[in-house]
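Proteins come first, then strands; the chains are lettered A, B, ... in the order of their sequence lines, and each starts at number 1. Computed from a predicted model, the values in this text were never measured in an experiment.
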Amino acid sequence: MKLTFSIQGGDFTHAGHPSSEVKKVLKQLDIDGKTIKNIVIALYEAEVNVVAHAWMGTVSVDIEENKITIWVTDEGPGIADIELAMQAGFSTASKEVREMGFGAGMGLPNMKKNTDELQIESEVGIGTKVKMVNYFS
Amino acid sequence: MSGLPNYHALKVDAAKCIGCTHCMKACPTEAIRVIDGLAVIDHERCVDCGQCHRSCPTRAFYVEQDDLAKIKAFKYRVILFPSIMIGQFPEKYNETQIYSGLKKVGFTHVFEVEQPIQLLIDSVNEYLRNEENPKPAISTYCPAVVRLIQGRYPSLSENLILRKAPHDLAAHFAIERLLLEGAQRDEIGLFYATPCIAKIASVKSPVGERESIVDGIVNMNHLYNEVMKVISEVEVEDNSVQRQNLSEEGILWSLTRGESRHFGSRSIAIDGIHNVVRFLERLENDQVKGVDFLELRACDQSCAGGILLTGNRFLTVEKLERRAKRYPSAKDISESTIRVNIEELKQKLVIDSISPKPLFIFGKDRVKAMDKMTRAQRIVCSLPGIDCGACGAPNCHALAEDMVNRKAKMSDCIFLQQMWEDEGKITAGKAHLNVQKKWGTDRFKADCNKRGRRNEGF
């Protein structure tokens, strides 16, 4: 089954809506709690990245019998050096964003940690596309 | 009394219920549907929080309780009650008069449950010190919250603190004390006066225990009325010896922050079931960091806001806070006053485990479940999305889910019906009959004394 959501850049108040909705669906499907937690954490991090850095984005979710695939696509500044961004603690977040408690440089590493597959494509000045896959036990 | 599986004390009086949907909307687990014009509770989903009881304008919900006459069968008749009960009585009665009134009702021994509270504080602290137990640790004090977590947030069940509530502590304490006095176990009858429905269910079918040690339950407002009939207007003899183990901390325990003030370096107290729901959503998403201890209570102002109380919750809180100041700190009550074996009593506070009981699963077969959910999603697109409740489900999404689970029909939605009528798919007469079937003929009658009108519930 498929779900789609849109994210507004800069709107920290509503970050977390897609991950909460996806969580509800996964709970109804009786997916085990640990897997749900991983998915929710990874998606939330991805959402916050869009909110903190990009102008707007979309979340597309495809749930199949044995796995979930999530694409988070944004129109934004893009990531110049993905390898560098994957390092824990590396952050380009603005002072304002950090003051709100975000931007600690743990977003991408956390997404990596909580997904079975993670692919990131990015073009500077255009935007970023993240694909995350988690398999159900 | 053996533990009954899934016992619920809450019932709907068909003669009073008008199917007004207030309860259905207030329920935090979407456990209520209006069927044939009456509220019907799905007992699998119900967590006994009492929101329906609170929101009902016609007082159609009632609570089963045991007959007080049952106490006559015992030689030692113990009444256990939380301290908030003292806060219900008018100021002119002091606690000595209230204790004496309880004896006149027929009890031989009077025990407020929050004693000796230091045992529970120590026991919970022991639990919190164990690094293996997941953080934040969640108190199991409020049984409605425990059931809510098991059902709606099953993955958080492992965060629940495996310790019993004060009423269990006091029950064991009372038994031990009476045995010391020379009583036989089967001569002791324990009755618990409850401020809420959830405690009834938790006493009758305890979570994480095989059986309940309490012999009967009486609603606090009922007991209050019984005591008020016999309470003495004049000074009675001093019975303060019965409150030797009561402390400031114990009296405050059932109020908001009553627990959280003792535990963890970072603790949060939340009252009100819908506040608790919002917080648990965040916690489940792993968006709450660094908190050690959570006190979560279903009622606003915690037990002072229990639905079986007589007094105003804010006045009750104020009275208890004043009363607490007159009592010693729990730490200052010596073991010689407690008299029973403290280590043994502590052992009895431990619960083995609390298992998750997920409530919102769409069936075991994942492929079929996904198919159902996809269909429900498609149905939602055709529904008006205003959650009017005229279909008998709490919101459009719940109706769509009921439809794919064959518990509701497309024609239950009055908006769809209206459209079909306009499109000539059904006749106006048929549409009217459909609604009449759902809500009964009474809903269409003009009646200036209609029950459940605005303001009636206030």
Side-chain angles (χ1 to χ4, degrees), chain A residues 1-5 12-48 51 59-70 100-102 104 106-107 110-111 113-115 134-137, chain B residues 28-30 45 134-135 148-160 277-291 354-381 395 397-398 400-402 404-405:
Chain A
M1 63 185 290
K2 291 180 169 52
L3 304 162
T4 51
F5 308 91
F12 283 96
T13 323
H14 297 106
H17 171 69
S19 45
S20 279
E21 290 300 311
V22 170
K23 179 184 74 178
K24 262 182 225 161
V25 170
L26 295 176
K27 277 163 83 174
Q28 286 180 311
L29 290 174
D30 201 16
I31 306 297
D32 80 282
K34 205 173 156 18
T35 310
I36 295 181
K37 204 169 181 176
N38 289 339
I39 296 165
V40 168
I41 293 172
L43 177 53
Y44 182 69
E45 292 288 3
E47 279 177 58
V48 169
V51 172
V59 176
S60 315
V61 182
D62 187 14
I63 305 170
E64 293 164 85
E65 188 183 356
N66 56 358
K67 67 171 182 180
I68 177 171
T69 312
I70 302 175
M100 281 189 275
F102 300 97
M106 292 309 292
N110 254 342
M111 282 154 63
K113 204 172 86 185
N114 287 291
T115 48
N134 281 64
Y135 293 91
F136 304 141
S137 45
Chain B
T29 55
E30 298 183 352
R45 278 197 181 185
K135 296 277 158 64
L148 179 77
I149 288 174
Q150 284 179 297
R152 192 164 161 180
Y153 305 96
S155 68
L156 296 175
S157 296
E158 61 181 31
N159 292 57
L160 289 166
V277 163
R278 275 191 290 274
F279 192 83
L280 289 175
E281 285 291 334
R282 270 180 173 263
L283 183 62
E284 199 183 37
N285 292 359
D286 210 33
Q287 290 162 20
V288 178
K289 309 277 185 204
V291 175
I354 299 176
S355 51
K357 286 183 187 153
L359 290 176
F360 291 91
I361 294 170
F362 250 72
K364 285 281 164 207
D365 184 329
R366 199 177 289 155
V367 176
K368 274 189 194 154
M370 281 202 300
D371 175 54
K372 273 189 189 174
M373 289 175 72
T374 309
R375 275 190 292 144
Q377 263 184 350
R378 266 206 307 272
I379 294 170
V380 169
C381 304
N395 53 62
H397 210 113
E401 289 178 358
D402 285 354
V404 297
N405 284 322

> What part of B:E158 gets closer than 4.5 Å to chain A, counting heavy atoms only: side chain, backbone, both or neither?
Replying inline: neither
>> Measuring from atom CD of A:E65 to atom CG of B:D365, what distance do you get when rounded to the nearest 0.5 angstrom?
In response: 7.5 Å
> Is it true that B:E284 and A:K37 make a salt bridge, defined as a side-chain N closer than 4.0 Å to a carboxylate O?
Replying inline: no
>> If you count heavy-atom pairs within less than 4.5 Å of chain B, which of A:I41, A:L43, A:D32 leads?
In response: A:I41
> Would A:D30 and B:R366 pass as an ion pair if we require N to O under 4.0 Å?
Replying inline: no
>> Taking side chain as everything from C-beta outward and backbone as N, CA, C, O, which of these in A:K2 sits under 4.5 Å from a heavy atom of chain B? Side chain, backbone, both or neither.
In response: backbone
> Which atom pair, heavy atoms only, marks the closest approach of A:K27 to B:Y153?
Replying inline: NZ-CD2, 3.7 Å
> Who wins among A:N66, A:L29, A:I36, A:I39 for the most heavy-atom pairs under 4.5 Å with chain B?
Replying inline: A:L29
> Quick one: do the B:N285 and A:S20 side chains pair a donor with an acceptor below 3.5 Å?
Replying inline: yes
>> If I compare all heavy atoms of B:S155 with all of A:G33, which pair ends up nearest, and what's the gap?
In response: CB-CA, 4.0 Å
>> How long is the straight-line distance from CD1 of A:I63 back to CE of B:M370, given to the nearest 0.5 Å?
In response: 7.5 Å
> Which answer fits A:K23, side chain, backbone, both or neither, if we ask what part of it has an atom under 4.5 Å from a heavy atom of chain B?
Replying inline: side chain
>> At a 4.5 Å cut-off on heavy atoms, which part of B:K364 comes close to chain A: side chain, backbone, both, or neither?
In response: side chain
> Which heavy-atom pair separates B:T374 from A:M1 by the least distance, and what is that distance?
Replying inline: OG1-CB, 3.3 Å
